[in-house]
Amino acid sequence: MIEHPEPELSRPLRSWIRSSPGTHLWLLIIALTSVIVVIAPDQLDHVLLHRNSSNLHELTRHPIRSLISSAFWIENPASLALYAVLFEFFHAPVERWLGTLRWFVIVATAHITATLVSQRVVLSAIRDHRAPRSMVHVVDIGVSYGLAAAIGVLTYRLPHPWRWFYLAGVVAFFGIPLLTGANFTDLGHAIALAVGLLAWPLTRHPQPTAVSRET
(Lines give C-alpha, C1' and ligand atoms only; values in the text may rest on other atoms or scores of the structure.)
Protein backbone atom coordinates (compact mmCIF):
# COMPACT_ATOMS: atom_id res chain seq x y z
CA MET A 1 0.00 0.00 0.00
CA ILE A 2 1.34 3.41 -0.94
CA GLU A 3 1.18 5.90 1.89
CA HIS A 4 0.28 9.42 0.89
CA PRO A 5 2.13 11.99 2.91
CA GLU A 6 0.11 14.38 5.01
CA PRO A 7 -0.04 17.91 3.64
CA GLU A 8 2.44 20.23 5.32
CA LEU A 9 0.68 22.69 7.57
CA SER A 10 3.72 24.96 7.31
CA ARG A 11 3.32 25.48 3.56
CA PRO A 12 0.71 28.29 3.75
CA LEU A 13 2.82 30.07 6.36
CA ARG A 14 5.99 29.68 4.29
CA SER A 15 4.23 30.96 1.19
CA TRP A 16 2.86 33.92 3.12
CA ILE A 17 6.32 34.86 4.42
CA ARG A 18 8.04 34.29 1.06
CA SER A 19 5.52 36.55 -0.65
CA SER A 20 6.81 39.50 1.40
CA PRO A 21 10.32 38.56 2.59
CA GLY A 22 11.47 42.10 3.30
CA THR A 23 8.57 42.78 5.64
CA HIS A 24 9.11 39.62 7.64
CA LEU A 25 12.88 39.93 7.80
CA TRP A 26 12.47 43.47 9.10
CA LEU A 27 9.91 42.31 11.65
CA LEU A 28 12.22 39.49 12.77
CA ILE A 29 15.08 41.91 13.38
CA ILE A 30 12.79 44.21 15.35
CA ALA A 31 11.69 41.23 17.43
CA LEU A 32 15.32 40.33 18.17
CA THR A 33 16.26 43.87 19.15
CA SER A 34 13.16 44.05 21.35
CA VAL A 35 14.25 40.90 23.16
CA ILE A 36 17.68 42.46 23.66
CA VAL A 37 16.08 45.54 25.25
CA VAL A 38 13.96 43.35 27.55
CA ILE A 39 16.82 41.18 28.81
CA ALA A 40 19.41 43.98 28.98
CA PRO A 41 20.59 44.92 32.50
CA ASP A 42 19.29 48.09 34.11
CA GLN A 43 20.26 51.28 32.27
CA LEU A 44 21.82 49.31 29.40
CA ASP A 45 18.51 49.34 27.54
CA HIS A 46 18.53 53.14 27.61
CA VAL A 47 22.10 53.18 26.31
CA LEU A 48 21.16 50.85 23.44
CA LEU A 49 18.18 52.95 22.40
CA HIS A 50 20.20 56.15 22.51
CA ARG A 51 23.14 54.69 20.57
CA ASN A 52 20.81 53.35 17.88
CA SER A 53 18.75 56.51 17.69
CA SER A 54 18.84 58.95 14.79
CA ASN A 55 18.85 62.04 17.00
CA LEU A 56 21.04 65.06 16.36
CA HIS A 57 23.89 63.73 18.50
CA GLU A 58 24.10 60.40 16.65
CA LEU A 59 23.42 61.88 13.22
CA THR A 60 26.33 64.25 13.70
CA ARG A 61 28.74 61.56 14.85
CA HIS A 62 27.54 58.49 12.91
CA PRO A 63 25.06 59.61 10.22
CA ILE A 64 24.91 56.44 8.12
CA ARG A 65 24.90 54.03 11.04
CA SER A 66 22.25 55.94 12.95
CA LEU A 67 19.93 56.19 9.95
CA ILE A 68 20.15 52.44 9.36
CA SER A 69 20.12 51.17 12.94
CA SER A 70 17.23 53.39 14.05
CA ALA A 71 14.95 51.51 11.64
CA PHE A 72 15.33 48.26 13.60
CA TRP A 73 14.46 49.27 17.16
CA ILE A 74 11.27 50.21 18.97
CA GLU A 75 11.28 52.14 22.21
CA ASN A 76 8.67 49.99 23.95
CA PRO A 77 9.06 46.22 23.38
CA ALA A 78 5.50 45.75 24.66
CA SER A 79 4.26 47.28 21.39
CA LEU A 80 5.91 44.55 19.30
CA ALA A 81 2.63 42.67 18.83
CA LEU A 82 0.94 45.82 17.58
CA TYR A 83 3.76 46.46 15.11
CA ALA A 84 3.50 42.86 13.90
CA VAL A 85 -0.18 43.38 13.10
CA LEU A 86 0.49 46.71 11.41
CA PHE A 87 3.30 45.22 9.32
CA GLU A 88 0.97 42.48 8.09
CA PHE A 89 -1.81 44.94 7.29
CA PHE A 90 0.29 47.57 5.53
CA HIS A 91 3.88 46.60 4.71
CA ALA A 92 3.17 43.06 3.52
CA PRO A 93 0.39 43.98 1.04
CA VAL A 94 2.50 46.79 -0.43
CA GLU A 95 5.54 44.52 -0.84
CA ARG A 96 3.47 41.80 -2.52
CA TRP A 97 1.86 44.34 -4.81
CA LEU A 98 4.91 46.35 -5.87
CA GLY A 99 7.69 43.86 -5.27
CA THR A 100 10.40 43.98 -2.65
CA LEU A 101 12.64 46.48 -4.46
CA ARG A 102 10.00 49.16 -4.99
CA TRP A 103 8.63 48.67 -1.49
CA PHE A 104 12.13 49.05 -0.06
CA VAL A 105 12.86 52.20 -2.08
CA ILE A 106 9.66 53.86 -0.85
CA VAL A 107 10.09 52.86 2.78
CA ALA A 108 13.81 53.71 2.92
CA THR A 109 13.25 57.08 1.24
CA ALA A 110 10.49 57.92 3.70
CA HIS A 111 12.56 56.85 6.71
CA ILE A 112 15.59 58.89 5.68
CA THR A 113 13.64 61.96 4.54
CA ALA A 114 11.37 62.08 7.59
CA THR A 115 14.29 61.63 9.96
CA LEU A 116 16.52 64.28 8.40
CA VAL A 117 13.79 66.90 7.97
CA SER A 118 12.29 66.43 11.43
CA GLN A 119 15.72 66.55 13.09
CA ARG A 120 16.56 69.66 11.10
CA VAL A 121 13.44 71.25 12.57
CA VAL A 122 14.59 70.20 16.05
CA LEU A 123 17.99 71.79 15.42
CA SER A 124 16.38 75.05 14.31
CA ALA A 125 14.13 75.06 17.38
CA ILE A 126 17.14 74.58 19.67
CA ARG A 127 19.06 77.41 17.98
CA ASP A 128 16.04 79.71 18.28
CA HIS A 129 15.61 78.74 21.97
CA ARG A 130 12.20 77.22 21.27
CA ALA A 131 13.36 73.78 22.41
CA PRO A 132 15.72 72.67 25.19
CA ARG A 133 19.29 71.67 24.42
CA SER A 134 18.49 68.18 25.72
CA MET A 135 16.55 67.52 22.50
CA VAL A 136 19.91 66.81 20.89
CA HIS A 137 19.87 63.46 22.70
CA VAL A 138 16.16 62.62 22.38
CA VAL A 139 15.42 59.04 21.33
CA ASP A 140 14.34 59.01 17.68
CA ILE A 141 13.85 55.54 16.27
CA GLY A 142 12.02 55.52 12.99
CA VAL A 143 10.17 52.24 12.49
CA SER A 144 6.91 54.15 12.32
CA TYR A 145 8.15 56.43 9.52
CA GLY A 146 8.41 53.52 7.11
CA LEU A 147 5.01 52.33 8.25
CA ALA A 148 3.46 55.73 7.50
CA ALA A 149 4.90 55.57 3.98
CA ALA A 150 3.43 52.12 3.40
CA ILE A 151 0.06 53.35 4.64
CA GLY A 152 0.27 56.22 2.18
CA VAL A 153 1.22 54.25 -0.93
CA LEU A 154 -1.42 51.60 -0.15
CA THR A 155 -4.00 54.26 -1.06
CA TYR A 156 -3.41 53.50 -4.74
CA ARG A 157 -4.13 49.81 -4.24
CA LEU A 158 -7.73 50.43 -3.19
CA PRO A 159 -10.58 50.73 -5.72
CA HIS A 160 -12.81 53.75 -6.06
CA PRO A 161 -14.64 55.07 -4.07
CA TRP A 162 -13.06 53.36 -1.04
CA ARG A 163 -9.71 54.92 -1.94
CA TRP A 164 -11.00 58.39 -1.05
CA PHE A 165 -12.50 57.31 2.27
CA TYR A 166 -9.23 55.60 3.17
CA LEU A 167 -7.19 58.65 2.12
CA ALA A 168 -9.39 61.00 4.13
CA GLY A 169 -9.01 58.82 7.22
CA VAL A 170 -5.25 58.54 6.81
CA VAL A 171 -4.76 62.28 6.28
CA ALA A 172 -6.90 63.00 9.33
CA PHE A 173 -5.02 60.47 11.46
CA PHE A 174 -1.61 61.95 10.66
CA GLY A 175 -2.70 65.53 9.99
CA ILE A 176 -4.66 66.35 13.15
CA PRO A 177 -1.66 65.86 15.49
CA LEU A 178 0.42 67.96 13.10
CA LEU A 179 -2.06 70.84 13.36
CA THR A 180 -2.62 70.61 17.11
CA GLY A 181 0.66 71.05 18.94
CA ALA A 182 2.80 68.72 16.84
CA ASN A 183 6.17 67.41 17.99
CA PHE A 184 9.02 66.33 15.71
CA THR A 185 7.67 62.76 15.52
CA ASP A 186 4.29 63.97 14.26
CA LEU A 187 6.11 65.99 11.63
CA GLY A 188 8.15 62.94 10.64
CA HIS A 189 5.00 60.86 10.26
CA ALA A 190 3.39 63.49 8.03
CA ILE A 191 6.51 63.70 5.86
CA ALA A 192 6.72 59.90 5.54
CA LEU A 193 3.04 59.75 4.61
CA ALA A 194 3.66 62.38 1.93
CA VAL A 195 6.55 60.33 0.55
CA GLY A 196 4.24 57.33 0.28
CA LEU A 197 1.58 59.36 -1.50
CA LEU A 198 4.14 60.90 -3.85
CA ALA A 199 5.35 57.41 -4.79
CA TRP A 200 2.36 57.01 -7.12
CA PRO A 201 4.58 56.65 -10.26
CA LEU A 202 6.07 53.49 -8.76
CA THR A 203 2.61 51.93 -8.55
CA ARG A 204 1.74 52.25 -12.23
CA HIS A 205 3.33 48.96 -13.32
CA PRO A 206 3.56 46.83 -10.19
CA GLN A 207 5.77 43.77 -10.27
CA PRO A 208 4.80 41.53 -7.37
CA THR A 209 7.40 39.33 -5.77
CA ALA A 210 7.28 35.89 -7.37
CA VAL A 211 6.55 33.04 -5.02
CA SER A 212 7.50 29.60 -6.20
CA ARG A 213 4.71 27.03 -6.06
CA GLU A 214 5.34 23.94 -4.04
CA THR A 215 4.02 20.69 -5.28
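Connection of V105 to V117 is not established within any shared hydrophobic cluster, with ILVMFWY side chains joined at heavy-atom distances below 4.5 Å, either directly or through further cluster members. By the criterion of side-chain heavy atoms lying less than 4.5 angstrom apart, applied directly or through intervening Ile, Leu, Val, Met, Phe, Trp or Tyr residues, L80 is not grouped with V35; the two fall into different hydrophobic clusters. Hydrophobic cluster membership differs between L202 and I112, with clusters built from Ile, Leu, Val, Met, Phe, Trp and Tyr side chains linked at under 4.5 angstrom. L59 and V47 are assigned to two separate hydrophobic clusters, defined by single-linkage of ILVMFWY side chains at heavy-atom distances under 4.5 Å. Linking ILVMFWY residues whenever their side-chain heavy atoms come closer than 4.5 Å, directly or via other members, places L82 and L27 in the same cluster.
The closest side-chain heavy-atom distance from I74 to S34 is below 4.5 Å. At least one side-chain heavy atom of R65 sits less than 4.5 Å from a side-chain heavy atom of R51. Taking 4.5 Å as the limit, some side-chain heavy atom of Y83 sits within range of a side-chain heavy atom of S144. Within the 4.5 Å cutoff, the side chain of L67 has heavy atoms near those of the T115 side chain. For the pair L147/V107, no side-chain contact is recorded, criterion being any heavy-atom separation below 4.5 Å from C-beta on. Residues L56 and I126 meet the side-chain proximity criterion, which asks for heavy atoms closer than 4.5 Å.
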Pair W103-T23, side-chain contact (heavy atoms from CB on, under 4.5 Å): steps then yes or no: CA-CA 9 Å; W103 164 81; T23 294; 3.7 Å; yes

Verdict with reasoning, F184 to V121, per side-chain contact (heavy atoms from CB on, under 4.5 Å): CA-CA 7 Å; F184 76 93; V121 170; 5.9 Å; no

Are W73 and I30 close enough, and set up right, to give a side-chain contact (heavy atoms from CB on, under 4.5 Å), and what steps lead you there? CA-CA 6 Å; W73 297 76; I30 294 172; over 6 Å; no

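Interatomic distance, D186 CG to I176 CD1, rounded to the nearest 0.5 Å: 11.5 Å. In this structure, CD1 in I17 is found 9.5 Å from CG in L28, a value given to the nearest 0.5 Å.
Residue A131 comes nearest to M135 through the heavy atom pair CB-CG, 4.2 Å, listed as atom of the first residue, atom of the second, then distance. Counting all heavy atoms, side chain and backbone alike, I106 lies closest to G196 at CG2-CA, 4.3 Å. Of all the heavy atoms in A150 and V94, the pair that sits closest is O-CG2, 3.6 Å. Counting all heavy atoms, side chain and backbone alike, L98 lies closest to V153 at CD1-CG2, 4.3 Å. I191 and A114 get closest at one heavy-atom pair: CG2-CA, 3.8 Å. Closest approach of S70 and S53 over heavy atoms only: CB-C, 4.2 Å.
Geometrically, R96 engages W16 in a cation-pi contact defined by less than 6.0 Å to the ring centre and at most 45° from the axis.
A donor-acceptor pair is defined here as one N or O able to donate and one able to accept, closer than 3.5 Å; such a pair exists between the side chain of E95 and the backbone of G22. A donor-acceptor contact shorter than 3.5 Å is absent between the side chain of T203 and the backbone of A199. Side chain of Y166 to backbone of L154: no donor-acceptor contact under 3.5 angstrom is found. A donor-acceptor pair is defined here as one N or O able to donate and one able to accept, closer than 3.5 Å; no such pair exists between the side chain of N52 and the backbone of L49. No donor-acceptor pair closer than 3.5 Å links the side chain of S54 to the backbone N or O of S66. Of the possible polar contacts, one joining the S79 side chain to the N76 backbone as a donor-acceptor pair under 3.5 Å is found. Remark: side-chain polar atoms of H50 are not paired, donor with acceptor, to backbone N or O of V139 under 3.5 angstrom. T33 places a side-chain N or O within donor-acceptor distance of the main-chain N or O of F72, the cut-off being under 3.5 Å. One N or O on the side chain of T155 and one on the backbone of G152 form a donor-acceptor pair closer than 3.5 Å.
For the residue pair N55 / Q119, no side-chain donor-acceptor distance below 3.5 Å is found, with atom types taken as modelled. Checked by atom type, the side-chain pair H24/E88 shows a donor-acceptor distance below 3.5 Å.
Ring-plane geometry between W26 and H91 is classed as tilted, the angle between the planes lying from 30 to 60 degrees on a 0 to 90 degree scale. Using cut-offs of 30° and 60° on the angle between ring planes, the pair F165 and W162 is tilted. Taking the six-membered ring where the residue is Trp, F174 and H189 present perpendicular rings, their angle passing 60° and hence far from 30°. Classification of the Y145-H111 ring pair by plane angle, with boundaries at 30° and 60°, yields tilted.
Other residues, nucleotides and ligands contribute over 12 non-hydrogen atoms within 6.0 Å of the CZ atom of R130. Annotation: L179, atom CG; neighbour count of heavy atoms from other residues, nucleotides and ligands within 6.0 Å is above 12. The environment of CZ in R163 is crowded: more than 12 heavy-atom neighbours from other residues, nucleotides or ligands sit within 6.0 Å.
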